[in-house]
Amino acid sequence: SGAALCRVCGCLGPRCCGRCRRAAYCGPEHQALDWRRGHRRSCGQHAAGDDSADAIPEHNEFLFPEYEILIEPEEPEFPADSTDDEQGAEDTSKDVKEQEELGAVGISDEAFQSLDEETLEAMAKHETEEEKIFRMFKKQVAAEPEQIIRYCRGGEGPLWVSGENRPEEKDIPNCVCGAKRKFEFQIMPQLLNHLQVDSLGESIDWGTLVVYTCADSCGGGNEYLEEFIWKQDYSMGCT
């Protein structure tokens, strides 16, 4: 009963085995894979009335483990002690000023070697914009290490893992109804651990997957509509 699902991946299976007419598949690739991995042996059992051939095959490379998703509001982050903030701002301002002075003057290799220890330390501590974005991402994730989806439709934007490969407004196509799409939720990299994708030959990977949906919520909830997803990988500078 219900929709026919592919025996290999669990997606909708409009295609079926031409011999037994009972094993469903999403396409010819998974049908061929299932045939090689054992369906050729079990397919004939249908004639004898053996329903075990309908069971999920033992080769489940593409079947991910199932979990229950708990929905909880994200706790707001309380501001740190104001004294620490002021001190941090002062240190950051000092570092930036020193960097600007060094950049304005221009430092040759010989001059760089002659810099005093204090100046070198300040330069080493200087945080690039890319490093800052990744640090903020890690800080947010650390508060909810098991979080796999961040939902915030119509609120603040997504939590980016990198300053690179961010979409601009022109990169987000309008919905089929003509309305603009807006950020609704993002899928976090922690999901990769739960799916145990490291066991696959070529592992799936992403920094974050950001989903944009129709701002007018067209369709009335009567059918699935195609939305837009933006995949952002980790920057080469992130470690």
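Everything numeric in this text was worked out from a predicted model, so none of it was measured. Below, all heavy atoms of this structure are taken into account, side chains as well, without hydrogens, waters or symmetry copies.
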Of all pairs that satisfy ring pair (Phe, Tyr, Trp, His ring centres under 6.0 Å), the ones with a partner from residues 164-197, not counting sequence neighbours | Y67-H194

With sequence neighbours excluded, what pairs up with I229 under the side-chain contact (heavy atoms from CB on, under 4.5 Å) test?
-> L209, V211

Residues two or more places apart in sequence or in another chain: which of them pass side-chain contact (heavy atoms from CB on, under 4.5 Å) with E72?
-> none

What residues, two or more places apart in sequence or in another chain, satisfy salt bridge (Lys or Arg N to Asp or Glu O under 4.0 Å) together with R153?
-> E184

Give me the other members of the hydrophobic cluster that L5 sits in, counting Ile, Leu, Val, Met, Phe, Trp and Tyr linked by side-chain heavy atoms under 4.5 Å, directly or via other members.
-> L12

Can you tell me if NZ on K180 sees more than 12 non-hydrogen neighbours from other groups inside 6.0 Å?
-> no

Go through the structure and list residues passing salt bridge (Lys or Arg N to Asp or Glu O under 4.0 Å) with E226, not counting sequence neighbours.
-> none

Partners of Q31 by side chain to side chain donor-acceptor pair (under 3.5 Å), sequence neighbours excluded?
-> R15

Report the residues that fulfil salt bridge (Lys or Arg N to Asp or Glu O under 4.0 Å) with E29, sequence neighbours left out, ordered by chain and then residue number.
-> none

With sequence neighbours excluded, what pairs up with D216 under the side-chain contact (heavy atoms from CB on, under 4.5 Å) test?
-> A179, C214

Do C16 and R22 come close enough that some side-chain heavy atom pair is under 4.5 Å?
-> no

Taking every heavy atom of M188 against every heavy atom of W206, the minimum-distance pair comes out as O-NE1, 3.4 Å

Can you name the salt bridge (Lys or Arg N to Asp or Glu O under 4.0 Å) partners of K182, sequence neighbours left out?
-> none

Sequence neighbours left out, what passes side chain to side chain donor-acceptor pair (under 3.5 Å) with R181? Give chain and number order.
-> E227

Residue list, side-chain contact (heavy atoms from CB on, under 4.5 Å) with E144, at least two apart or on another chain | Q147

